[in-house]
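Structure first, then comments.
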Amino acid sequence: MRTFGALVLALLAGAAQAALTDVTLDNGLRVIVQEDARAPVMVSQVWYRAGSIDETNGTTGVAHVLEHMMFKGTKDVPPGEFSKQIAAAGGRENAFTSRDHTAYFQQMQKDRLTLSMKLEADRMANLIISDELFAKEIQVVMEERRLRTDDQPQAIVYERLMATAYQTHPYRRPIIGWMDDLQHMTAQDARDWYTRWYAPNNATLVVAGDVKADEVIALAKRYFGGIPSKPLPSRKPQAEPEQVGGKRILVKAPAKLPYLLMVWHVPTLKKWDSDSDPYALQILAGVLSGNDSARLQKSLVKTQQIAVNASAGYDAVSRGPGMFMIDASPAPGKSVAALEQAIRTELKRVQTDGISEAELARVKAQVIAADVYQRDSLFYQAMQLGEYATAGLPPEALLRRTEKLRAVTASQVRDVARQWLRDDRLSVAELDPQPIQPQARRTVVSGVRHAN
Amino acid sequence: MQIKTFFLRAMLLLSLPLSAYAGLDIQHWQTPQGARVLFVESRSLPMLDVAVSFPAGSARDPAAKPGLAQLTQGLLDQGAGGWTDSAIAYRLADVGAVLSGSFDRDRAGVSLRTLSSSAEKNQALEVLMRVLQRPDFPAAILPREKQRLIAGIREAEADPGAVGEKAFYRALYGNHPYAHDEAGEPAAIAKLTRADLQTFYRTHYSAPNAVIALMGDISRAEAEAIATRMAAGLPAGKPLAALPKPAVASVAELRIEHPSAQSHVLLGAVGMSRDDADFFPLFVGNYVLGGGGFDSRLMREVRDKRGYAYSAYSYFVPMTEAGPFQLGLQTKREQANDALKVARDTLRQFIAEGPSEADLTQARSNLTGGFPLRIDSNKKILDYLSMIGFYRLPLDYLDTWVARVNAVDVAAVKQAFARRINPEQLVTVVVGSERTR
């Protein structure tokens with residue numbers, strides 16, 4: 001075993017029970033263990049550094065389709081058996097695919113980690129993708145797309161705006177894939193994806209809970225250690241060319257309320273200890289919408305009553321570039337154009353006058369408290385470790401995140417608003433609601449009241 | 001000798017599967033004003049959760065005022081004891097506290113999560129007390145909040161799932177207070193007055209109706225002080241009358257036109273209440289039918305075998321009075337009728353034959369083996385405390401949970417389902433269109 005930078009850190013001063021271990025096995029599998037004995041349970045997650053960012057045109061959605069196929073069996077574990085065995089052990093399991101990664105998890109009593117490791121190691125190397133099961137599952141994925149995107153007007157707006165705001169970067173493609181690509185996807189596409197990316201040297205195992213790090217590492221060696229590493233394809237940066245002017249789209253879909261989404265290209269965290277803008281952008285999002293009377297809420301919803309909802313969001317951790325987003329729904333009788341103008345006015349205020357010390361302190365108080373609250377969820381703690389690892393950030397970046405946020409000054413917040421939230425970096429989408437026909441109710445069968 | 005015996009006993013305790021572990025020390029008492037209090041002390045994280053709930057859900061809406069309960073709850077933190085909505089929001093945020101609401105047909109609740117360090121905790125608790133004890137329902141913000149509530153209802157009309165859910169409850173419950181949507185009806189909301197809200201608040205948010213749950217880093221003495229202070233400041237009031245019993249629903253099949261890509265299919269019947277004698281047989285049996293996710297028959301028949309849907313499920317919603325039994329799926333509209341048939345056939349077969357021994361063993365293993373995951377965080381324990389208090393479940397509910405699941409056998413499931421669910425007497429709702437786009 002090549003124990004490369006075996007790292008043990010105390011999570012927080014005074015929290016001796018929560019220690020973090022980060023090692024890499026000889027075959028390249030990274031293992032991160034967070035000991036936390038609050039309850040006799042554990043969560044185990046295997047993160048593959050393969051998400052929609054790694055896809056190419058024509059097979060969009062394949063990362064997510066493969067996630068579905070991962071439950072469809074191996075030589076030793078027939079279709080359906082994976083879920084059945086985990087369920088029999090009292091486990092909860094599922095998986096999720098994002099732009100940056102695909103991850104699989106089991107939550108179980110602490111002494112059942114062996115089962116989870118055995119099954120995960122098996123499907124890391126021995127998956128069988130049959131044409132027959134693929135043909136059924138691709139239908140399921142298309143239903144998932146209809147459910148989560150096609151019939152959700154705001155999801156369509158988001159999907160179309162990403163495809164517009166990014167001109168070349170793979171983030172322009174929806175994680176679930178374009179419907180036409182799903183309709184033409186083959187079992188071989190899924191097999192190719194699996195062969196290319198599913199390898200120990202492209203994966204991170206995160207285990208959190210009432211476990212001992214050395215025991216977890218021993219189990220990981222036993223079950224995953226024999227899986228050979230693979231040469232991974234080189235990943236091109238595919239950097240998005242600088243946007244050279246604002247973009248704007250109109251999206252027509254059956255809906256009742258108009259909706260506005262504004263996104264600006266901004267950086268994400270790359271050099272966690274020297275970067276400062278991503279931390280300032282996080283504070284900015286907090287100032288704009290971090291509480292029920294933060295700036296957007298207070299000005300647009302409460303005072304002007306031009307919106308029924310408004311919020312800002314920014315995710316600093318990702319493999320690719322970032323977006324700062326603001327979305328809002330206009331109040332009845334108010335136009336989307338007027339709402340957009342009101343949002344711009346709020347941004348202008350930050351850019352011109354900056355933010356108050358009270359607002360800054362408020363957001364920081366929330367950051368500090370959230371750092372405690374998140375420890376109530378084992379799953380969330382493991383999620384964060386996996387996300388940081390996949391994004392190429394070390395655990396220290398997570399452990400020192402609060403400290404970094406606390407160091408942000410009011411003038412830095414004003415400066416990032418000035419530097420990044422400029423019209424040339426902005427893309428705007430407006431949802432233009434199309435009528436939903438009056439609901440024709442037809443009672444097909446109606447009977448007398450009965451007793452049973 | 002002494003030591004050895006002790007050691008052996010400790011080993012035995014460790015190897016017992018779950019019962020040894022289950023002992024969550026729930027403390028329970030009543031304040032002088034009649035509020036019920038449930039408390040678990042936990043010192044592992046420096047934080048405190050408090051949840052206060054009342055029988056003030058949408059089932060308590062006056063017949064002509066659907067939406068009053070939801071609007072009342074929504075306005076609690078929008079002005080209280082002279083503090084404005086912003087003053088309340090800032091006081092919470094300044095100490096990193098989070099105030100949230102929960103609302104359903106039975107219950108309206110307000111929860112606070114705060115750090116347990118005294119300055120933060122005291123400021124956060126002061127806000128919680130004020131919004132529950134002295135809500136102002138300011139006339140100036142009433143139109144704004146009505147408009148927002150109505151906008152949310154309108155937006156849901158675009159969502160075929162929400163449209164189906166609403167129609168399902170209506171068809172199932174007829175004139176019962178569970179029939180109308182939790183958020184209410186726009187026309188009625190538009191007419192609500194400040195006096196309506198004040199009256200509803202005084203009647204429903206009273207001490208004898210309150211359940212106060214506390215979980216976290218405080219002592220029993222402090223929990224008592226908080227609960228007493230809370231209850232003392234609530235309206236005095238009287239316990240509310242019981243809700244009426246729902247009638248058995250008429251058979252109905254509703255088709256609702258909607259331009260969605262998928263049809264949403266719902267079928268079901270009036271199911272069980274929270275204190276139903278058949279609670280465990282129905283709950284455990286439903287795991288096999290449609291509650292066990294990938295491990296359930298509906299998922300296997302609808303999704304795995306046929307690729308019809310992303311999700312197919314069934315569940316009971318145990319409420320104060322009998323809540324619904326509901327089975328649902330979503331599929332592209334062209335195959336809605338085929339999928340509906342599969343769902344009905346699966347249900348019919350389950351009712352006729354019951355689960356197999358193997359199915360039931362699997363269900364029990366999952367539920368009992370997964371029990372520790374149900375109480376592995378402060379948040380989850382707090383939710384159980386509120387539920388146990390609100391529905392007056394026995395205090396040992398969690399201690400006996402595993403044994404009661406294990407006691408369910410095939411015959412019990414078969415009999416309980418046969419008593420409750422007649423597959424030929426269901427309410428069916430299909431939202432979508434049979435026309436192709």
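Each chain gets a letter, A, B and so on, in the order its sequence line appears, and its residues count up from 1.
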Next item on the list: Pick whichever of B/Asp295, B/Leu92, B/Ile141, B/Leu115 has the most heavy-atom pairs under 4.5 Å with chain A.
Entry: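 The residue among B/Asp295, B/Leu92, B/Ile141, B/Leu115 with the greatest pair count is B/Leu115.
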
What I'd like to find out is whether the side chain of [X] reaches to under 4.5 Å of the side chain of [Y], using heavy atoms alone.
X: A/Lys302; Y: B/Gln78; answer: yes
X: A/Asp376; Y: B/Leu45; answer: yes
X: B/Pro259; Y: A/Ile436; answer: yes

Next item on the list: Report yes or no: does B/Asn366 contribute a side-chain atom to a donor-acceptor pair with the main-chain N or O of A/Gly91 at less than 3.5 Å?
Entry: yes

Interface moiety of [X] toward chain B, non-hydrogen atoms closer than 4.5 Å:
X: A/Gln434; value: neither
X: A/Ala88; value: both
X: A/Arg148; value: side chain
X: A/Leu257; value: side chain

Notebook entry, point to check: Is the closest basic N to carboxylate O distance between A/Lys72 and B/Asp304 below 4.0 Å?
Noted result: yes

Item checked: A/Lys136, A/Glu137, A/Glu143 screened by side chain to side chain contact (heavy atoms under 4.5 Å, CB included) with B/Arg303, the one that passes ->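 Of A/Lys136, A/Glu137, A/Glu143, side chain to side chain contact (heavy atoms under 4.5 Å, CB included) with B/Arg303 is met by A/Glu137 alone.
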
Next item on the list: For the residue pair B/Gln335 and A/Gln139, confirm or rule out a side-chain donor-acceptor distance under 3.5 Å.
Entry: no

Notebook entry, point to check: Using non-hydrogen atoms only, which part of B/Glu424 is less than 4.5 Å away from chain A: side chain, backbone, both, or neither?
Noted result: neither

Note to self: Between B/Asp85 and chain A, with a heavy-atom cut-off of 4.5 Å, which part of the residue counts as in contact: side chain, backbone, both or neither?
What the structure shows: both

